[in-house]
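Take a look at the structure set out below.
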Amino acid sequence: MVHVLVVEDDARLNQIVCAGIDAAGYAARGCFNAQQAFDLLYAGGIDLIVSDIMMPGIDGFELVASIRRVNQTIPILLMTARDDLAAKRRGFRAGIDDYMVKPIDVDELILRIEALLRRARIEAEKRLVVGSTVLDAEEMSAYVEGREVALTVREFNILYKMLSYPKRTFSRAQLMDEFWDGESSASLRAVDVYITRIREKFSASEDFKIVTVHGLGYKAVPNG
């Protein structure tokens, strides 16, 4: 069974989130601060973390950074009342995998947990297959019907990310934050350029499409 650690100092919300996770077939463990979270993590058996940002003592950003120093792979989702880009950027740079703004819809949270667990399995296997398209993270290479498609590292990483979360919309700012690593000379227009290149390189493939979500960003939609 998958064990999810919920780090939230609001006792009522902690209880609601844990109950929703349990009802979805996972096993939730609730705690109220970073120190309790560290104790449970060191005891082992945690597969995914859902954490608040604003907590007494060590906040969620510091918690994530501390975890990432010893564990680079465990999926982490931050949930917070803060909806500003600066907070999101800080979270992703600290090492989170996803971000939700309160009030939390528990059904949406479960969908995101499922997506993160799927992503973790893909990461463990280092291989993603969509129809006849194969992305190999060890080789950083892509194949369609056995024929290699030449991609730059950034093109590969963007496509791997999007296909790992099929039908999920990624904003230009999200992709910029993750794959341009704060390059001061880059603009959001660079994301459009890379998406265009990826589309061109996979134009003959019928396995998926990268769809423009007007006013929001892009999503990868597998066919069939």
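Small disclaimer: the values here were computed from a predicted structure and weren't measured. Because only heavy atoms are used, hydrogens play no part in the values below, and waters and symmetry mates are left out as well, while side chains stay in.
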List, one per line, each side-chain donor-acceptor pair under 3.5 Å for residues 48-62, sequence neighbours excluded.
from  : atom 1 : to     : atom 2 : distance (Å)
Asp52 : OD1    : Lys102 : NZ     : 3.2
Asp59 : OD1    : Phe61  : N      : 3.1
Asp59 : OD1    : Glu62  : N      : 2.9
Glu62 : OE1    : Asp59  : N      : 3.3

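By the 4.0 Å N-to-carboxylate-O rule, Asp84 lies close enough to Arg82 to be salt-bridged with it. The residues Arg112 and Glu108 are annotated as salt-bridged, a charged nitrogen and a carboxylate oxygen being separated by less than 4.0 angstrom.
Checked by atom type and distance alone, the side chain of His3 pairs as donor or acceptor with a backbone atom of Met1 at under 3.5 Å. Asp22 places a side-chain N or O within donor-acceptor distance of the main-chain N or O of Ala28, the cut-off being under 3.5 Å.
With hydrogens and angles left out, the side-chain atoms of Asp136 and Tyr143 include no donor and acceptor closer than 3.5 Å. Side-chain N/O atoms of Arg199 and Thr196 include no donor and acceptor closer than 3.5 Å.
Leu159 is listed as a side-chain neighbour of Phe208, based on a closest heavy-atom distance under 4.5 Å.
Heavy-atom neighbours of Glu206 CD from other residues, nucleotides or ligands within 6.0 Å: at or below the threshold of 12.
Partner of Asp177 under the salt bridge (charged side-chain N to carboxylate O under 4.0 Å, His left out) criterion, chosen from Arg172, Arg89, Lys161, Arg90: Arg89.
To the nearest 0.5 angstrom, Arg127 atom CZ is 10.0 Å from Tyr160 atom OH.
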For this session: Output, in order, the C-alpha distance, side-chain angles, deciding distance and verdict of salt bridge (Lys or Arg N to Asp or Glu O under 4.0 Å) for Arg29 and Asp39.
Result: CA-CA 12 Å; Arg29 295 285 303 275; Asp39 292 341; over 6 Å; no
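With sequence neighbours excluded, the residues forming a ring-ring contact (aromatic ring centres under 6.0 Å, His included) with Tyr194 are Trp180, listed by chain and number.
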